[in-house]
Amino acid sequence: MNIVVCVKQVPDTATERKLRSDDKTLDRDAADGVINELCEYAVEEALRLKEAHGGEVTVLTMGPGKATDTIRKALAMGADKAVHLVDDALHGSDALGTSYALAQTLKKIGFDLVVLGSESTDARTGVLAAMLAERLGVPQLTFSNKVEVNGETITAQRVTDYGYDRVEASLPAVVSVVEKINEPRYPSFKGIMAAKKKPVTTLGIADAEIDASQVGLANSWSEVVDFAAAPPRAAGTIVKDEGDGGVKTADFLASKKFV
Amino acid sequence: MDFTLPESALAVQRGVTDVCARYDLGYWQRCESEKRWPQEVWDDLARGGWLGLAVPEEYGGGGQGLLELAVATEALSASGAAGGSAFTYVLTPGFGALTLARHGSPRQREELLPKLATGEVETCFALTEPDAGSDSLGISTFARRDGDEFVVNGRKVWITGVQRATWMLLVTRTVPAAEAKPRSHGLTILLVNVPEAVAAGSLSYRPIPKMGANTTPSNTVFVDGLRVPAANVVGEVDQGSRVLWDILNPERILLAAGGLGAAEVALSVAVRYAGEREVFGRPIGANQAVAFPLAEVKAKIELARLMVHKAAWLFDAGLPCGTEAGIAKLAASQAAWESADRAFQTLGGMAYSLEYPVARLLADARIGKVAPVTEELLLNHLATRVLGLPRSF
């Protein structure tokens with residue numbers, strides 16, 4: 001099975017994250033780039049599927065030059081090879097542009113199964129898997145906490161507000177995973193050393209037949225108009241319990257439409 | 001001249017830091033107060049091959065050397081384990097694997113190295129005696145030859161990790177110290193199967209209540225009529241001092257690396273607090289009386305690290321490294337102590353609360369100035385052997 005895992009480099013959530021004042025995109029120099037946490041779960045799931053069914057795991061990332069650190073991490077975990085889509089023209093692409101660019105690349109490199117984390121810790125749109133499936137014309141099995149492959153059929157448990165749905169599709173397909181699906185392995189010493197020698201193919205937009213008018217900041221369908229720091233947290237409501245604490249709490253929750 | 005660490009050591013730095021990131025200061029604090037072995041960390045390190053770094057690849061290890069072990073030890077220590085818990089890295093990867101990789105017989109290597117590489121078998125090292133600490137050549141634990149065996153009697157103290165060890169590297173005299181010429185002659189190092197010896201009643205141990213470093217218990221060990229096969233000699237009979245220095249120098253270097261990590265972690269606690277704690281309307285770190293001592297600690301850590309890496313590099317290259325190992329240990333333990341002490345001063349009264357990590361780090365750093373070798377003995381070596389000053393003893 002030819003499995004492609006899409007991984008994304010994001011600014012470390014432990015450091016202060018900033019947007020650039022000039023074009024209002026992410027300031028990638030302001031924070032250390034790390035692999036998006038959910039992408040580690042995606043890599044782990046891809047590796048487990050490979051271990052169970054054979055085949056190959058390819059890492060695909062779209063990002064600037066320094067995203068190679070993230071690729072190496074995925075390779076150190078055990079992926080076989082990587083494709084790095086890097087081009088200045090891609091800078092500032094929104095989810096639509098990114099899904100188009102990744103879909104074009106996936107068509108180029110081929111796949112039986114695409115695995116992604118269900119969202120990234122920076123943009124948090126959570127829509128990439130669905131957009132990708134649509135662009136590729138294949139089924140989507142999103143927010144999965146369990147995935148099984150049986151021949152040409154893939155089954156997943158899709159997490160919902162009320163439990164989970166069991167969904168089934170034929171391969172090829174796109175799967176996105178949530179953090180409950182597995183426990184990602186740490187790269188081993190041998191894994192890290194071996195990763196240095198694994199092949200990484202670099203593609204520009206021309207190589208992947210990406211139409212420059214569909215990607216980049218200028219062609220994004222969404223625009224960051226302005227941004228501001230989140231206001232400091234205001235003091236909460238303190239309810240003094242005079243025998244009616246329960247009622248007051250319920251009223252408060254009802255007023256906020258929680259119950 | 002190239003100060004960049006080799007790729008192997010950089011991989012270790014990244015990999016071990018990654019593994020240890022899951023375990024914070026709170027985790028280590030709990031292990032310390034519960035006096036328990038950090039089993040979860042040990043298992044994670046074992047799984048990634050991080051314990052077998054210095055075991056040759058043909059025995060399932062990483063094929064690296066002391067430099068990589070030192071970098072790993074620093075990373076573990078810096079994650080919050082601090083120097084005492086970094087001893088987890090010294091016991092088996094250092095005492096056991098590193099020693100047998102260099103001095104083990106083919107049989108010893110084949111039998112033990114693969115299991116030491118995975119952490120499935122653990123080791124400890126027994127040298128110090130109640131009447132022979134700094135004067136380690138003056139030990140009296142005696143191994144008498146009896147056919148194909150040695151019969152050992154004696155007593156050891158401050159032996160760490162006996163509880164978990166399958167094998168103990170036991171340093172004995174096969175020629176009494178008073179008769180040995182030179183005095184370093186007549187030492188023999190034996191591999192003792194601890195569970196078997198305990199079952200036979202010829203070895204017992206009693207933990208020593210300690211001020212800190214309680215994740216790795218230290219013990220008094222009683223050896224009484226212990227029979228050890230002659231095939232279990234590490235190196236050669238009477239020539240144990242050659243092996244001994246290849247245990248003691250790496251121990252100094254690894255514990256120096258542990259001291260670096262301890263210094264870093266105490267410094268980061270202090271820096272965070274100094275940046276956040278406001279008194280008189282500004283963070284206390286804005287006061288140079290608070291800031292400069294922390295800056296000095298940083299400089300001392302960096303200097304000590306250079307020496308740790310140099311000493312490890314010398315050892316790996318098979319070159320003499322005793323003086324450098326001593327300087328590394330001296331510099332790193334002083335940096336660790338100063339860092340913990342300045343962290344204490346920075347946190348003020350809060351440092352005295354066991355809800356903050358500084359008290360543990362302070363107790364932990366204090367022992368580094370004494371063990372595995374006192375600062376005075378290291379200075380004495382420098383004074384007499386390097387500067388050529390007259391001997392005091």
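A, B, ... follow the sequence lines: proteins, then strands. Residue 1 opens every chain.
- Residue A/Lys146 qualifies as open at atom NZ: its count of foreign heavy atoms under 6.0 Å is 12 or below.
- More than 12 non-hydrogen atoms from other residues, nucleotides or ligands lie less than 6.0 angstrom from NZ of A/Lys66.
- Proximity to chain A at a heavy-atom threshold of 4.5 Å picks out B/Glu7, B/Ser8, B/Ala11, B/Val12, B/Arg14, B/Gly15, B/Asp18, B/Val19, B/Arg22 from residues 6-32 of chain B, in numerical order.
- Taking chain B as the reference chain and counting heavy-atom pairs below 4.5 Å, the highest number among A/Ser188, A/Gly191, A/Pro187 is found for A/Ser188.
- More than 12 heavy atoms of other residues, nucleotides or ligands lie within 6.0 Å of CZ in A/Phe227, so this atom counts as buried by the packing criterion.
- More than 12 heavy atoms of other residues, nucleotides or ligands lie within 6.0 Å of NZ in B/Lys298, so this atom counts as buried by the packing criterion.
- Residue pairs satisfying the ring pair (Phe, Tyr, Trp, His ring centres under 6.0 Å) criterion with at least one member in residues 44-79 of chain A, sequence neighbours excluded, are absent.
- Applying the salt bridge (Lys or Arg N to Asp or Glu O under 4.0 Å) definition to pairs two or more places apart or across chains, those involving residues 64-82 of chain B are B/Glu74-B/Arg305.
- The number of heavy atoms from other shown groups lying within 6.0 Å of CG (A/Asp88) does not exceed 12.
- Using a 4.5 Å cut-off between non-hydrogen atoms, no part of residues 55-64 of chain A approaches chain B.
- Within a 6.0 Å radius of NZ in B/Lys115, other residues, nucleotides and ligands contribute 12 heavy atoms or fewer.
- In A/Asn150, the CG atom is not crowded: 12 or fewer heavy atoms of neighbouring residues, nucleotides or ligands sit closer than 6.0 Å.
- Rounding to the nearest 0.5 angstrom, the gap separating the CG atom in B/Leu51 from the CZ atom in A/Phe189 is 13.0 Å.
- The number of heavy atoms from other shown groups lying within 6.0 Å of CH2 (B/Trp313) does not exceed 12.
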